[in-house]
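To start, the structure under review is shown below, and the notes come after it.
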Amino acid sequence: LQDLVRVVYDEPLSVAPGIKVRLGASELPGQVVLGPADTATFTHDAADLQSNSVYAVTVSGAKDLEANTQTSAYYSSFKTKDTVPPTAVWVAPPLVNPAPPLDGWLKAARPAFRISLADSGSGLDLSTATLTLDTADVVPMKVWNELLYTPAGDLAEGEHALTASVKDRAGNQGSWS
């Protein structure tokens, strides 16, 4: 067993609190250990934790040395290892006759590209976001969770390839083209 949740109070306890750790409706089995006197620790086999998950923690019922009982529950959460890469979605400009995989043609010679980025795990690391037009790296504006780019000049008529990539804070890289 490993320490999974540790709660430190501002005074010694006579009775450890109840600590519940849940993933959705499922409660993790574990034990609460009191010690040192102001600290309660919930232990569980960390190997049982599911990656890419958010666990809810509820702490209640601790008693101090004067038998005063904790009257309000404390709520917290933690995330486990993020292994899912971020995603990117074409937002603009609209494509004429789009076909999967994303393919189509544009009406504008100088389109304003807009790519939306998302990550439901550790969050985006926008400092790693890149955009490539044909084989050239370009510098997009990074606004909130989007990459915005308008070429300085008109694009030549014909086929062009746009590629975007970004990592999340866990280092997982997502790419789109």
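Not one N or O on the side chain of Ser76 forms a donor-acceptor pair closer than 3.5 Å with the backbone of Val57. Checked by atom type and distance alone, the side chain of Thr80 pairs as donor or acceptor with a backbone atom of Ser53 at under 3.5 Å. Side-chain atoms of Glu11 do not come within 3.5 Å of backbone N or O of Leu65 as any donor-acceptor pair. Of the possible polar contacts, none joining the Asp82 side chain to the Arg169 backbone as a donor-acceptor pair under 3.5 Å is found. Proximity of a side-chain donor or acceptor of Asn145 to a complementary backbone N or O of Ala118 within less than 3.5 Å is not detected.
Note on Leu13: it does not cluster hydrophobically with Val15, by side-chain heavy-atom contacts below 4.5 Å among ILVMFWY residues. Criterion: ILVMFWY side-chain heavy atoms under 4.5 Å apart, direct or through other members. Under it, Phe78 and Val32 are part of a common hydrophobic cluster. If you chain together hydrophobic residues whose side chains sit under 4.5 Å apart, Leu148 and Leu124 never meet in one group.
Of the candidates Thr128, Thr132, Thr130, Leu147, Thr130 is the only one forming a side-chain contact (heavy atoms from CB on, under 4.5 Å) with Ser165. For the pairing with Leu4, the side-chain contact (heavy atoms from CB on, under 4.5 Å) check across Leu28, Ile19, Thr41, Thr43 returns one residue only, Leu28.
If you take CG on Asn52 and NZ on Lys79, they are separated by 10.5 Å, rounding to the nearest 0.5 Å. With values rounded to the nearest 0.5 angstrom, Asp38 atom CG is found 8.5 Å from Asp10 atom CG.
Across Asp125 and Val166, no two heavy atoms sit closer than the pair O-CG2, 3.6 Å. Minimum heavy-atom separation, Asp119 to Pro85: OD1-C, 3.9 Å. Between Leu126 and Trp144, the shortest heavy-atom distance links the atoms CD1-O, 2.7 Å. When all heavy atoms of Asp168 and Pro86 are compared, the closest pair comes out as N-CG, 3.6 Å.
Using a 4.5 Å cut-off on side-chain heavy atoms (C-beta onward), Val59 and Phe42 make no contact. Using a 4.5 Å heavy-atom cutoff, the side chains of Trp176 and Leu162 are in contact. Counting heavy atoms from C-beta on, the side chains of Leu117 and Ile115 come closer than 4.5 Å. You'll find the side chain of Pro29 reaches within 4.5 Å of the side chain of His44, heavy atoms only. In this structure, the side chains of Tyr74 and Pro17 stay at 4.5 Å or more apart for every pair of heavy atoms.
Listed by first and then second residue, the side-chain hydrogen bond (donor to acceptor under 3.5 Å, both in side chains) pairs involving residues 54-67 are Asp64-Asn68 (not counting sequence neighbours). Sorted by first and then second residue, the pairs that involve residues 138-148 and meet salt bridge (Lys or Arg N to Asp or Glu O under 4.0 Å), not counting sequence neighbours, are Arg114-Glu146.
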Taking only distance into account, with no hydrogens and no angle test, what donor-acceptor pairs under 3.5 Å do side-chain atoms of residues 151-161 form with protein atoms, sequence neighbours excluded?
residue	atom	partner	partner atom	Å
Asp154	OD1	Arg110	NE	3.3
Asp154	OD1	Arg110	NH2	3.3
His160	ND1	Asp134	OD1	3.4
His160	ND1	Asp134	OD2	2.8
His160	NE2	Ala156	O	2.6

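Hydrophobic side-chain contacts under 4.5 Å tie Val33 to no other Ile, Leu, Val, Met, Phe, Trp or Tyr residue.
Considering only residues two or more places apart in sequence or on other chains, Phe113 meets the ring pair (Phe, Tyr, Trp, His ring centres under 6.0 Å) condition with Trp90. Partners of Lys20 under the salt bridge (Lys or Arg N to Asp or Glu O under 4.0 Å) rule, at least two apart in sequence or in another chain, are Glu27.
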